[in-house]
Amino acid sequence: MIKSTAEVRQAFLDFFATKQHQIVKSNSLIPGNDATLLFTNAGMVPFKDVFLGAEKRSYTRATSAQRCVRAGGKHNDLENVGYTARHHTFFEMLGNFSFGDYFKNDAISYAWEFLTTVLGLPKEKLLVTVYETDEEAYAYWKDIIGIPAEKIIRIGDKSAGKKYESDNFWSMGDTGPCGPCSEIFYDHGEDIFGGPPGSPDEDGDRFIEIWNIVFMQFNRQVDGTMEPLPNPSIDTGMGLERISAIMQNVHSNYEIDIFQALIKDTASLLSCNDLDHKSLRVISDHIRSCSFLIVDGVIPSNEGRGYVLRRIIRRAIRHGHKLEAKGHFFHKLVSSLIAQMGDAYPELVQQQATIEKLLRIEEEQFGRTLDRGMVLLEDILTNLQGDTIQGDDVFKLYDTYGFPADLTADIARERQLNIDHNGFDIAMGQQRERAQQASQFGTDYNLQLKSDQKTEFKGYDNNSASATIVELFNNTDQEAVSELKAGEQGIVILDHTPFYAESGGQAGDSGFLHLDGGYFEVKDTTKLGNAYAHRGIAHTDMGLNRRVKAEIDVERRAAIVKNHTATHLLHAALRKVLGEHVGQKGSLCDSEKLRFDFSHFEAVTADELKAVEQLVNDEIRRNHLKQTESMYIEEAKEKGAMALFGEKYDDEVRVVTLGDFSIELCGGVHVERTGDIGLLKIVSESGIAAGVRRIEAVTAIEALNFVDKQAESLSNIASLVKSDVAGAPGKVEQLISRSKQLEKEIAQLKQELAAQAGSDLVNNAINIHGVNVLIADLNGVESKALRGMVDELKNKMQSGIIMLATANEGKVGLIAGVTKDLVGKVKAGELVNMVALQVGGKGGGRPDMAQAGGSQPENITAALASVEAWLSDKLA
C-alpha cells in the first residue's frame, strides 16, 4: 500500500507516465526566464512560457514533482510557518499539464482515478468545487464521475459586478491566459472544526484542499473581454505534503514521515524532550528551504534572494536559541535531510559539504550579533508603551544588527505584541532613497537612441562582409541623419555585419567599414535593439544605402575570443573545485584580460585558485574542438547546459560545448579549439559584494607577459637579497624574521623609555578640588606606549586622573586613566571622548581606562586646555 511521502511522489509520476505524460525533472528554485518571480512558487512556473505560446516543447503532456519556495515577495508564508498545520517555506507540488492536448474531461478523470484507484481514498471523503458558471465541469463531475450534487459546490465571484474574481477562477495576471478551476477537497471528519468551501466556517481545518485543476481556456484582453484560447490547456497542482498527511492518516503536515524524522533528529541534537514544540517545526521546515536554495546557487546576502535565505537561516537559528541550543547546530541537520530526501534529489548528496559549510559560516556570523541585538530589543520592550513596536525601532534592529523584520515580529508574537510594519517599510524606503541618491551618476544619452532596423550577424564564421548602410546617427545631437561628413563621429547601422556587438560580457568588435573614397573607423560595436551600432568616426562623406566592406580587427577579435572561451572553462573549473553553488554573476572579456564574477560565500584560498588554474590549463592542452548547435532551451538544459538565471532566452538557443568539460548557453564568439588560448594565469581574486567574488585573469600573450614580469620581479628580489632565484624565498624569510625581532626590541626599548618619562611626569600633576590631575602632550611618543605609561603613572599617583595625548605622522593618539577610587565621579571613556571630538575623532572605553584617535594634531593644545575646566565641573 502506498503510504510514505517518497512512495506517493513516485506513484504520482508513474501514474501519469502511463497516461503518456513526459516526466519532467524538478526545475531550480530560481525561475529561469522569469524576472517577475523571486522563487519558483508553483508547479506551473517552469511551463509558463509554454502556456503563453512563447516556448515549444517536444511533448504536449507533462508531469512533475516541482520543488517550490514561498518565503519572499508576493507569495510569503514565512510568518505562519511552524504555527499552522500546512504552511511551509519549502514544499513539493505534484502536477500534470496539457499544452493544447487533453482538456476538462480527461483532467478530471485522471485526478479521480489517481486519488480513488491508485491511492485508494474513500470516495465519500472527497468533495469538489467548480466555478459558478462552469456547467461543463459540473456536469462531468456529476454525470460521468458520479459525485452527488450536494458534494459539488459552485463558487461564485467574491463581489457583485466583478466577474471572474473567484477562488475558482485562475489567471496568470491581469491579462493573458486564464480560466475556471475545479478543486478537490478531503474531509478529515466531524471531530475537526470547519465547514465546506464557500461556507462561513471554510477556514477551519476539517475540509482541506488537496488538488486544484485549472482549465486554461481564455485569453483576457486589456478591456476585460475573454477570447477563447485556440488550444485550451490544463495546469494542475497537488501539494505532496498535504496528500502524504492524508495517506499517513495524520492531520498536520508536520506529522508526516519526512517532518517527523527531521523533528526527532532536531530534538535529539538540541536535547529537547517536547516533540510538539513549535520551534522544532520551524527548524525542520527551514532546513529544507535553506538546503535546496543553496543547492540552486543562492548564497546569503543583504539583498534579493540571498536576503530571503539569510532571513530563513536566522529565523531557524533564533528558534534553536529558544530551545537553548548549545553551540552551532543548524548545519548538522543537513545529513538528516539527506537521509529523507537524498534519493529523490541526489544534488543534496553531491553538495552536502557546501551546504553544511555555508550554513555554519552564516550561523557563526549571526551568533556574534544575536546576543547584542537581543539586548537592544529587550531595552526597546522595557520602554515600550502600548502593544506595538515602532517601525523605527524595527528598522534599527535590522540596520544595526541584521534582524529581519519578521524575526522581530516572531519575538513580538511570542509576547503578544505587534510590530509597525508600515513604519518599517517607510524607514526602509527612506534608506533606499538615500542609497539611490548617493549612487546617481550621469545620464547615458545613448539610451535615448532607438532603431527599428535589424542587423544580421555574420561574424561567427567570417571576419569581413559586404553590407548596406541602412541607418546613421550623429554624435552631436544624437539624431538619425541621412549623411555623415568626413571628420564627424557617429553610428552606422548595417543590414548585416561581421562585427560582434557587446553582450554577454564579450567586448564589441572594432575595425573598418571601407567604401569608395575612404572609410569609417569603428571604435566599438554595441546593440540598439535588434540593430548593431558601429560607433566611430567617418574619414569620408557617407550616406544611406551606400555599400561598404565591413572588416573587423582580426588580431583584437582573436584576443577577445581567447578570453571569452577561457571564462567558460573557468566557470566549469570553479564549479568542480568550489561546488555546484558557483554561478556566473557577470563577466567582461576584452582584448587584454578577462574578469569573471561568481557566487561564493568566502575568499577562494591559494590552493583552490591553483587547482582551478590547473584544471583550466589542462583543458586548454586537451585542445577540445568547439562545438556549437542550436536547440530548444529545454533540450539544452536536459543536455546539462549552464544558463544564467534571470536572463531571458529565446525559444531556440545556441549551445557552446568544449569537450566534456563545459556546456553553456552562449551567443558569443569563441576559439575553434581550446588550445588556441595557449595559457591562462589568474592575476587576482577578491570580494566585490556579499556572496560575490571576482577573478581577473589573462590568457595567451598577456599570460606570458605576466609570467615574464613575475620572473623579472623574482630575479630583482634575488639580487637585492644577494641570492640566486632558487634561494631567494629562504633569504627573504630570514630577513623578515630578523626585522620582526628588531622591531620587538625597539618597541620594548620605547616602552621602557616611555615608562621612565611617565615617572618624571608625576611632578607635573595639578590639584583640582583635592584630586591629582595630570594633563600632558607627549608629542612624538608612539600611541602603543601610552597604555604602559598610564599604568605606571597610576601606580605612582595611587589616586588621580590622567589625560595624555600624542601625535605621530598626522595622527592623534589619546588615552585617559582614572584610578578606581575616582571612577564614581569621572569616567575615563567620557573624558577621552570629550577630548577626541576636538581633534577630529571619537572614542570611549572602560571607566578606568579609555583610548581614542583623531586626525587634527593641530588642535591638541586647545583640546587639552579644556580638560581642566571639564574636570573642575565634574569634581566640584
Over all atoms of both residues, closest heavy-atom pair of [X] and [Y]:
{"X": "Ile419", "Y": "Ala412", "result": "CG2-CB, 3.9 Å"}
{"X": "Leu323", "Y": "Ile283", "result": "CD1-CD1, 4.3 Å"}
{"X": "Ile815", "Y": "Arg787", "result": "CD1-CA, 3.6 Å"}

Legend entry - Polar side chain donor-acceptor pair, Ser799 to Asp821, under 3.5 angstrom: yes

State whether the number of non-hydrogen atoms from other residues, nucleotides or ligands found under 6.0 Å of [X] atom [atom1] is greater than 12.
{"X": "Glu868", "atom1": "CD", "value": "no"}
{"X": "Glu378", "atom1": "CD", "value": "yes"}
{"X": "Lys322", "atom1": "NZ", "value": "yes"}

Do any side-chain atoms of residues 722-729 form donor-acceptor pairs under 3.5 angstrom with protein atoms, and if so which ones, sequence neighbours left out?
from   : atom 1 : to     : atom 2 : distance (Å)
Ser723 : OG     : Ala728 : N      : 3.4
Asp724 : OD1    : Gly727 : N      : 2.8

For the atom pair [atom1] ([X]) and [atom2] ([Y]), what is the distance rounded to the nearest 0.5 Å?
{"X": "Met428", "Y": "Gln430", "atom1": "CE", "atom2": "CD", "answer": "11.5 Å"}
{"X": "Asp393", "Y": "Ile380", "atom1": "CG", "atom2": "CD1", "answer": "4.0 Å"}
{"X": "Arg318", "Y": "His321", "atom1": "CZ", "atom2": "NE2", "answer": "10.0 Å"}
{"X": "Ser289", "Y": "Leu309", "atom1": "OG", "atom2": "CG", "answer": "8.0 Å"}
{"X": "Lys396", "Y": "Thr408", "atom1": "NZ", "atom2": "OG1", "answer": "12.5 Å"}
{"X": "Ile695", "Y": "Phe596", "atom1": "CD1", "atom2": "CZ", "answer": "8.5 Å"}

Legend entry - Verdict with reasoning, Thr388 to Asp420, per side-chain hydrogen bond (donor to acceptor under 3.5 Å, both in side chains): CA-CA 6 Å; Thr388 301; Asp420 176 14; over 6 Å; no

Inset, instruction - Check the pair Phe601, His581 against ring pair (Phe, Tyr, Trp, His ring centres under 6.0 Å), reporting the backbone distance first and the verdict last. - result: CA-CA 10 Å; Phe601 44 84; His581 64 283; 5.1 Å; yes

Side chains of [X] and [Y] in contact at under 4.5 Å (non-hydrogen atoms):
{"X": "Leu804", "Y": "Thr806", "result": "no"}
{"X": "Leu735", "Y": "Val721", "result": "yes"}
{"X": "Glu696", "Y": "Leu594", "result": "no"}

Inset, instruction - Look at Arg575 together with Glu580 and state whether they make a salt bridge at an N to O cut-off of under 4.0 Å. - result: yes

Legend entry - Salt-bridge present (Lys593, Glu702; N to O < 4.0 Å): no

Legend entry - Stepwise side-chain hydrogen bond (donor to acceptor under 3.5 Å, both in side chains) test for Thr605 and Asp607: CA-CA 5 Å; Thr605 67; Asp607 285 344; 5.5 Å; no

Test your reading of the model: is there a side-chain donor-acceptor pair from [X] to the backbone of [Y], 3.5 Å cut-off?
{"X": "Ser713", "Y": "Lys709", "result": "yes"}
{"X": "Gln798", "Y": "Asn795", "result": "yes"}
{"X": "Lys326", "Y": "Glu324", "result": "yes"}
{"X": "Asp777", "Y": "Leu864", "result": "no"}
{"X": "Ser737", "Y": "Glu733", "result": "no"}

Inset, instruction - Begin with the C-alpha distance, continue with both residues' side-chain angles, and end with the deciding distance and a verdict on salt bridge (Lys or Arg N to Asp or Glu O under 4.0 Å) for Glu356 and Arg360. - result: CA-CA 6 Å; Glu356 290 176 340; Arg360 189 184 70 251; over 6 Å; no

Inset, instruction - Give me the ring orientation class for Phe424 and Phe395: parallel if the planes are under 30° apart, tilted from 30 to 60°, perpendicular past 60°. - result: tilted

Inset, instruction - From the options Lys357, His331, His328, Arg310, select the one residue that forms a side chain to side chain donor-acceptor pair (under 3.5 Å) with Glu362. - result: Arg310

Donor-acceptor pairs are to be reported for all side-chain atoms of residues 831-850 against protein atoms at under 3.5 Å, with residues two or more places apart or in another chain.
from   : atom 1 : to     : atom 2 : distance (Å)
Asn833 : OD1    : Gly843 : N      : 3.1
Gln838 : NE2    : Met834 : O      : 3.3
Gln838 : NE2    : Ser866 : OG     : 2.9
Arg846 : NE     : Asp848 : OD1    : 3.0
Arg846 : NH2    : Asp848 : OD2    : 3.4

